[in-house]
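Just below is one structure, and these are the notes that go with it.
Protein chains get the first letters and strands the later ones, always in sequence-line order, with residue 1 at the start of each. Reckoned from all heavy atoms, side chains included, excluding hydrogens, waters and symmetry mates. Because the structure is predicted, anything quoted here is derived from the model rather than measured.
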There are 2 protein chains.
Amino acid sequence: MRGSGAQKVYETLRKAILELELDPGSPLDEVSLSAQFDMSRTPIREALVRLAAEGLVTTLPNRNTIVATIDFVRLPVYFEALSLMYRVTTRLAAINRRPEQLISIRAWQAAFAEAVERQDALAMIASNRDFHVAIAEAGGNPYFTQLFTRLLDEGRRILRLYYSSFDDRLPRQYVEEHELLVTAIEAGDADLSDRLGGEHAAQIVRQIQSYIARDQTGSMRLV
Amino acid sequence: MRGSGAQKVYETLRKAILELELDPGSPLDEVSLSAQFDMSRTPIREALVRLAAEGLVTTLPNRNTIVATIDFVRLPVYFEALSLMYRVTTRLAAINRRPEQLISIRAWQAAFAEAVERQDALAMIASNRDFHVAIAEAGGNPYFTQLFTRLLDEGRRILRLYYSSFDDRLPRQYVEEHELLVTAIEAGDADLSDRLGGEHAAQIVRQIQSYIARDQTGSMRLV
DNA sequence: TGTCGACAATTTGCGTGCAGAATGATAGGC
DNA sequence: GCCTATCATTCTGCACGCAAATTGTCGACA
């Protein structure tokens with residue numbers, strides 16, 4: 001069990017940040033964290049350094065570190081990167097997919113469909129993320145997979161802000177779109193996968209943007 | 001000068017790794033590094049954790065950490081990601097460029113041309129990298145800029161292995177291609193920039209691949 | 001002679017303490 | 001009454017020390 005201390009702190013904090021249990025901007029004090037995890041400050045610091053490198057926390061030099069804020073000004077740039085990664089990972093998956101990866105993709109698609117049936121928004125967000133990560137891994141390019149994973153995780157935080165506004169029309173549409181994606185990947189049709197991935201991304205971007213426009217606090221709060 | 005210890009170690013090690021002063025696979029011992037930098041092990045560890053998050057070193061749990069190896073098996077995947085980033089950053093730069101960014105781009109282009117004149121391969125590699133990073137920043141998407149920067153830095157290590165094989169035909173061609181790129185960006189022609197970026201990338205990939213094919217040790221050494 | 005097991009050495013992972021830096025509070029001057 | 005300068009507090013950055021884990025070596029046994 002040696003060497004698992006910092007790892008455990010890292011994973012716990014990462015999960016807490018992504019699931020918004022820790023509010024963006026809230027301070028992370030090393031000493032209170034060390035008391036909370038019943039460990040010394042050293043592994044805490046290592047976890048914070050790693051999270052900072054990932055962009056999930058911001059370290060203020062000689063002061064404290066805070067949970068990274070969700071910058072709504074950067075949202076267009078975020079959508080831009082997300083869309084491209086949707087397209088390229090889906091395209092590559094259509095080219096490089098292997099049977100066992102298709103099984104994994106189908107499994108997450110089933111989990112997502114089940115979450116939609118249960119109207120479980122949190123499970124939807126999580127399984128949707130894993131579904132697309134599985135596609136990215138089938139694409140076989142770790143550079144894209146890493147960036148995409150980071151973007152999807154950041155997206156979890158954004159989606160979590162709006163998950164209460166989910167109605168059940170769009171998620172069912174997502175299930176269908178996912179189904180088309182999987183079919184195109186299985187068929188090995190790169191251009192079709194690319195196009196479907198782009199449309200799927202555009203659809204999601206439109207949804208989030210309409211949610212943001214709906215509650216006008218979006219531009220002021222949660223800095 | 002407080003808080004600069006770990007930063008200094010990080011920057012020094014990063015530079016040494018990228019410039020191949022530290023051979024890929026060579027072990028990094030915390031105590032000897034701490035003696036070398038005349039500091040405690042704590043800031044050394046912090047620097048190593050950051051480098052590990054960036055993928056520049058590999059940490060073997062409960063053992064030592066080594067300089068990340070250049071995996072030639074992954075080279076196709078690397079080229080794939082590099083090409084896409086070449087294209088997308090150039091395209092975005094054509095759309096979002098601002099005057100002061102164009103000045104910066106032109107400055108690095110001049111530095112690159114001068115390095116070509118001087119036949120200074122090391123300066124060519126460095127200014128080429130900065131030239132494309134400037135374009136990426138003009139594109140205005142930090143997600144792409146970060147990935148592209150990482151790819152270009154990794155490319156510095158690869159290019160450094162072959163910089164002795166540079167003749168002066170290709171670099172001059174690069175200067176011309178860079179000139180075309182800048183012109184297209186200035187004109188705001190996104191499609192042309194995209195295409196030129198892709199061709200420039202393909203050109204570089206071809207060159208590196210031919211170098212690798214030329215000396216047959218490429219597939220066996222430097223793991 | 002080859003293989004297995006125990007031991008020593010090296011190195012990391014983590015605990016703890018101290019000094020420096022930044023912030024907020026308080027007192028003094030205008 | 002307001003602004004400024006000094007000080008106390010608090011937290012980080014770093015030094016140092018100990019214990020666990022792994023590796024390589026040496027010796028014993030088949």
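Rounded to whole Å, the distance from CG on A:Asp29 to C1' on D:dT12 is 9 Å. Between the C1' atom of C:dA22 and the CG atom of A:Asn64 lies a distance of 11 Å, rounded to the nearest Å. Straight-line distance from the CD1 atom of A:Ile44 to the C1' atom of C:dG13: 14 Å, rounded to whole Å. When the P atom of D:dA15 is taken as reference, atom CG of B:Leu33 falls 14 Å away, rounded to whole Å. In this structure, A:Arg63 atom CZ and C:dG24 atom C1' are separated by 12 Å, rounded to whole Å. Here D:dG13 presents its P atom at 6 Å from CG of A:Asn62, a figure rounded to the nearest Å.
At the heavy-atom level, A:Leu28 lies under 4.0 Å from the strands shown only through sugar-phosphate atoms. No contact: B:Leu60 has no heavy atom under 4.0 Å from any strand.
When atom types are taken as modelled, the side chain of B:Asn64 and the backbone of B:Leu28 share no donor-acceptor pair closer than 3.5 angstrom.
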Please tabulate, one pair per line, each protein N/O and nucleotide N/O from nucleotides 14-16 of chain C that are separated by under 3.5 Å, including the distance.
from	atom 1	to	atom 2	distance (Å)
C:dC14	OP1	A:Gly5	N	3.0
C:dG15	OP1	A:Ser40	N	3.3
C:dG15	OP2	A:Ser40	N	2.6
C:dG15	OP2	A:Ser40	OG	3.3
C:dG15	N7	A:Thr42	OG1	3.1

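Taking the six-membered ring for Trp and thresholds of 30 and 60 degrees, B:His178 and B:Phe112 have ring planes inclined between 30 and 60 degrees apart.
The distance from atom CZ of B:Arg50 to atom CZ of B:Arg14, rounded to the nearest 0.5 Å, is 10.5 Å. Between the CG atom in A:Asp130 and the CD atom in A:Gln109 there is a gap of 12.5 Å [rounded to 0.5 Å].
With a 6.0 Å radius and a threshold of 12 heavy atoms from other residues, nucleotides or ligands, B:Arg97 has its CZ atom above the threshold.
In the model, B:Arg206 has no side-chain atom that pairs as donor or acceptor with a side-chain atom of B:Gln209 under 3.5 Å.
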